[in-house]
Amino acid sequence: MTTTDMLDPGSVDIADPHLHSQGDLHPVWRWLRRNDPVRWTVRPNGVAYWSVTTHAEVVRVLRDSKTFSSEQGMRLGGDVRAAAAASRKMLIVTDPPRHGAIRRIISSAFTARTVHRLEQNMRSTVTESLDRALENGTVDFVEAASRLPVAVICDLLGVPREDWDFMLDRTTVAFGAVDEDGSPADAAIEAHAEILLYYSELVQERRREPREDVISALVQGTVDGVPLSDEEIFLNCDGLISGGNETTRHAAVGGVLALAARPDQWRALQAEPALLPSAVDEILRWTSPGAHTLRTATRDAELAGRHIEEGQQVVVWGPSANRDESVFDDADTFRIDRTPNRHVTFGHGAHYCLGGALAVSELKVLFEELSRRVADIEVTGPVRRVRSNHIAGYDQAEVSLTPADGTGAHR
């Protein structure tokens, strides 16, 4: 029996990071959607928040940035001073119209030549990772999946290849380590400092010698005719690499585990490559790597009959919205042919994930190669979830991969 089996859904503090690591929270989400879809909770540390769990209300909050602002932070329990320092500088804690201006600068780096380079990088990275995994037979897929997103986002940013392992390690700590109350641990704060120091050096290099990458675009970009400050550049690089790393990595691991648990779906994907796009969407819905997103009410509002007061924190829970029975038929079944699939894994509205299309491309390449080169997937060792209320993912998942050709050699 897991910890969550013994919970009283009506009284649980859903932001407790231990709950997210120790069991299946979907029975709790289900109870909340049916009985208390917008619920007020006061945490033991005094932090109070509204939990929004239905698809319709989650979409409403994310779409209405005038009423529900990102500028006071986007994660529950985050450092208030850090959020204030990043507000209106970092894309994810900036509301429109400034949000759109920063977004356009970053998007300008997605040239046709860059996208082509990234696609080649994806294929070669996946091939190398699978070669190693198939040679060993048994692999911690968390480690195997880590290489792809960090290679792609570092390539996009302009981080030299020799520093990719450093960025993977530091972002994993920076966005994964939390204290007992869910706030960032000292290790996370230190990792953030190291990342920002690294960007300081790289930005100076790009000022001297611009290239075709995101850091160069940020260095050369302006908002309302004013160049971005070094701090704004550092913060946006930090946000991009954390988002690009975490979402793809945890979706990849969760997708492999889901396919191992549902051999019929694995066989269907192997037999019908045309199912790959819907399979990736279903993996994103099923895994929902971004567990929550925080907004702060800028004025009084009403959600599902609840009165939200100006200044109160409103937390939308993606894993719950992505299992909402009113939107997804047979929501608790993993089904790779599901269509339509209105998941909110990449958010909604102005803050829809800038790298969403890139993440989809990475996952398509990964699962295309897996379905072509791997005959069977079996969980053979520990599967351990991350202790976080912000990231729904894994820090260990040992699986066995059986080569489709009996050798593991790339065909």
Side-chain angles (χ1 to χ4, degrees), residues 1-44 49-59 61 76-77 178 180-182 250-251 253-262 264-265 281-294 303-306 314-336 338 341-345 379 382-397:
M1 179 176 289
T2 64
T3 300
T4 51
D5 291 327
M6 300 178 284
L7 291 176
D8 172 9
S11 62
V12 65
D13 171 16
I14 206 66
D16 182 350
H18 291 284
L19 300 181
H20 294 259
S21 65
Q22 294 177 2
D24 179 10
L25 277 174
H26 287 291
V28 178
W29 298 131
R30 190 180 308 114
W31 187 94
L32 288 171
R33 287 193 300 271
R34 294 173 179 172
N35 298 281
D36 202 0
V38 179
R39 190 182 66 167
W40 180 249
T41 299
V42 180
R43 305 204 68 206
Y49 66 98
W50 292 100
S51 276
V52 182
T53 52
T54 61
H55 189 280
E57 299 300 340
V58 164
V59 166
V61 170
L76 192 66
V178 295
E180 294 296 314
D181 64 353
H250 294 303
V253 176
V256 163
L257 294 174
L259 289 165
R262 289 289 307 273
D264 61 316
Q265 296 298 288
D281 265 336
E282 181 69 345
I283 287 167
L284 288 164
R285 180 190 79 90
W286 188 258
T287 58
S288 300
H292 84 256
T293 302
L294 174 68
L303 286 173
R306 296 285 193 169
V314 179
V315 178
V316 298
W317 295 99
S320 179
N322 282 342
R323 296 286 185 97
D324 191 330
E325 302 85 350
S326 69
V327 176
F328 303 99
D329 181 49
D330 197 16
D332 289 327
T333 299
F334 178 76
R335 201 178 70 218
I336 66 169
R338 183 183 298 277
N341 195 330
R342 294 165 50 202
H343 66 78
V344 291
T345 298
V379 178
V383 173
R384 188 173 65 241
R385 298 191 69 92
V386 173
R387 185 171 65 86
S388 171
N389 62 22
H390 183 61
I391 298 297
Y394 304 85
D395 57 21
Q396 185 176 11

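In this structure, T333 contributes its side chain and R335 its backbone to no donor-acceptor pair below 3.5 Å.
Nearest approach of G290 to P319, heavy atoms of both residues: O-CD, 4.0 Å. Scanning all heavy atoms of the two residues, the minimum distance from E57 to L303 falls at OE1-CD2, 3.1 Å. Listed here is the closest heavy atom pair of D332 and R323: OD1-NH1, 3.0 Å. When all heavy atoms of A321 and V344 are compared, the closest pair comes out as CB-CG2, 3.8 Å. Pairing each heavy atom of V379 with each of A260, the nearest pair is CG2-CB, 4.1 Å. When all heavy atoms of P289 and L284 are compared, the closest pair comes out as CD-O, 4.3 Å.
By the 6.0 Å and 45° rule, R338 does not stack over the aromatic ring of F328.
Remark: R384 engages D395 in a salt bridge (Lys or Arg N to Asp or Glu O under 4.0 Å) (not counting sequence neighbours). In this view, D264 and R262 satisfy the salt bridge (Lys or Arg N to Asp or Glu O under 4.0 Å) rule, not counting sequence neighbours. Every residue meeting the side-chain contact (heavy atoms from CB on, under 4.5 Å) condition with P382, not counting sequence neighbours, appears here in chain and number order: Q396, E398. In this structure D324 satisfies the salt bridge (Lys or Arg N to Asp or Glu O under 4.0 Å) test with no other residue, sequence neighbours excluded. The side chain to side chain donor-acceptor pair (under 3.5 Å) search around W50 returns Q312, not counting sequence neighbours. Applying the ring-ring contact (aromatic ring centres under 6.0 Å, His included) criterion to W31, with sequence neighbours excluded, gives no partner residue. For W286, there are no side chain to side chain donor-acceptor pair (under 3.5 Å) partners, not counting sequence neighbours. Legend: residues meeting side chain to side chain donor-acceptor pair (under 3.5 Å) with T54, ordered by chain and number and at least two apart, are absent. In this structure T53 satisfies the side-chain contact (heavy atoms from CB on, under 4.5 Å) test together with W29, L32, R33, P37, W317, S320, sequence neighbours excluded. A search for ring-ring contact (aromatic ring centres under 6.0 Å, His included) contacts involving H250 returns nothing, not counting sequence neighbours. Here D281 pairs with nothing under the salt bridge (Lys or Arg N to Asp or Glu O under 4.0 Å) rule; sequence neighbours left out. Scored by the side chain to side chain donor-acceptor pair (under 3.5 Å) test, S288 finds N322 as partners (sequence neighbours excluded).
With rounding to the nearest 0.5 angstrom, the CG atom of L25 is 4.5 Å from the CD1 atom of I14. Between the CG atom in L259 and the CD1 atom in I336 there is a gap of 7.0 Å [rounded to 0.5 Å]. Remark: H18 NE2 to D13 CG distance equals 11.0 Å, nearest 0.5 Å. Once rounded to the nearest 0.5 Å, the distance linking CZ of R34 with OG of S326 reads 11.0 Å.
Contact check for V12 versus R39: side-chain heavy atoms found under the 4.5 Å cut-off. With contacts defined as side-chain heavy-atom distances shorter than 4.5 Å, the pair I283/H343 does not qualify.
R385 has no carboxylate O lying under 4.0 Å from a charged side-chain N of D24, or vice versa, which leaves the two without a salt bridge.
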Audit row: H20, R387, side chain to side chain contact (heavy atoms under 4.5 Å, CB included) steps and yes/no: CA-CA 6 Å; H20 294 259; R387 185 171 65 86; over 6 Å; no
